[in-house]
Amino acid sequence: MHAILVRNHGGPEVLRPAELDDPAPGDGELLVRVAASGVNFIDTYKRSGLYPTPTPFVPGEEGAGTVVATGAGVTGFSTGDRVVWTGVLGSYAQLAAVPAAAAIAVPAGLDEQRAAAVLLQGMTAHYLVTASYPVREGDTVLVHAAAGGTGLMITQLAKAHGARVIGTVSTAAKEELARAAGADEIIRYTEVPDLAAAVRALTGGEGVAAAYDGVGASTFDASLASLRRRGTLVLFGAASGPVPPVDLQRLNAAGSVFVTRPKLGDHTATREELTWRAGEVLAAVLAGTLEVTVGGSYPLDAAARAHEDLQGRHTTGKLLLLP
Ligand SMILES: NC(=O)c1ccc[n+]([C@@H]2O[C@H](COP(=O)([O-])OP(=O)(O)OC[C@H]3O[C@@H](n4cnc5c(N)ncnc54)[C@H](OP(=O)(O)O)[C@@H]3O)[C@@H](O)[C@H]2O)c1
């Protein structure tokens, strides 16, 4: 099969096309012909080695396609079924071996590209607004990189839970997109001298109930300083780099605030929780209440360009690789 292989950690250039043996479905696994593979920031962390991943490996941990074979002991799925999955390495390829335990049936009426585009970021937004800081009606929350793949999802779901959303973005085009997703206020964080002061100005000095921060190093301090008393900083990523160690006394000084650093795997750890979150997200897409914005589709061999674009802040919404 044709795939992308990382032989050594490094920049986008280490994402090289390769011809590999077709994977064989092991016990409990489905062999899936990949129709679309989702590109996520975590793929860049694993490519660079920020998240240790033994080489060589086929990157990518989100995809959708059609089951072409099943391993021993598989129940609930058969050849010909359309499935979508996340949390399994190896989706930047024409074929992927996917544990049936990680697979979700793609509902009728949804195409594989949109399914692959929404599952990881949609379920992330779902747990962020229901578990990390459960949004309450009337809360004002801060969503960084609001025009990004995950940011557009958080913005929409926070609005659906009754929040007022302050989004941050870097450009006018991104502002337009974030506002269309429901953001009530936008701050161009690359242009304001004091981001926390701008947030406070929009909240009558009080600050936000929660800051959803996937940008990390460059926004963490401002996120902390933007919280209302006993507010919550949900640090869920490091698009600008990892946040250095934090003196816990700062949480006291900031107003008895909370900081959490969650990940999707801990919010989809059981089959029950996975199918619940996936079911809610896919149903919302089908119902038309959750918009999926595919900002770019690339041929599989252009994976390096997709990573360059994502890390270069050139993209909006979701990026897909089409094998
Ligand atoms: N913990 C979890 O469970 C989980 C799950 C999914 C995603 N995430 C995290 O969510 C974040 C967003 O991921 P995504 O895949 O949806 O990406 P994305 O938001 O589509 O792209 C990243 C965006 O971050 C902003 N950004 C600010 N400073 C940046 C910098 N120095 N370099 C690059 N980008 C910068 C850019 O938007 P502007 O140009 O508007 O600033 C950029 O478009 C990542 O940190 C990712 O790790 C975490």
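Note that ligands are numbered from 1 as they come in the structure, with each ligand's atoms numbered from 1 the same way. Side-chain atoms are counted along with the backbone in the values below, which use heavy atoms only and exclude waters and symmetry mates.
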Q: Looking at ligand 1, does any of its N/O atoms fall within less than 3.5 Å of an N/O of Leu264?
A: yes
Q: Look at ligand 1 and say whether Ala147 reaches it with a heavy atom at a distance under 4.0 Å.
A: no
Q: Around atom CZ of Arg230, are there more than 12 heavy atoms of other residues, nucleotides or ligands at under 6.0 Å?
A: no
Q: Between Thr150 and ligand 1, find which residue part has any heavy-atom pair under 4.0 Å and reply side chain, backbone, both or neither.
A: both
Q: Find all atoms of ligand 1 within a distance of less than 4.0 Å from any non-hydrogen atom belonging to Ser240, and give their numbers and elements.
A: 28 (N), 30 (C), 31 (N)
Q: Flag the pair Tyr133 / Phe258 as yes when at least one side-chain heavy-atom distance between them is below 4.5 Å, and no otherwise.
A: no
Q: Please compare Gly295, Ser132, Gly149 and report which has the shortest non-hydrogen distance to atom 20 (O) of ligand 1.
A: Gly149
Q: Is there a heavy atom in Gly151 that sits closer than 4.0 Å to ligand 1?
A: no
Q: Under 4.0 Å from a heavy atom of Gln311: give me the atoms of ligand 1 that qualify, with their elements.
A: 32 (N), 33 (C)
Q: Counting only nitrogen or oxygen atoms and a 3.5 angstrom limit, does Ala239 reach ligand 1?
A: yes
Q: Does Asp221 pair with Arg250 as a salt bridge, N-O distance under 4.0 Å?
A: yes
Q: Using heavy-atom distances only, which candidate in Gln121, Lys174, His144 approaches atom 42 (C) of ligand 1 most closely?
A: Lys174
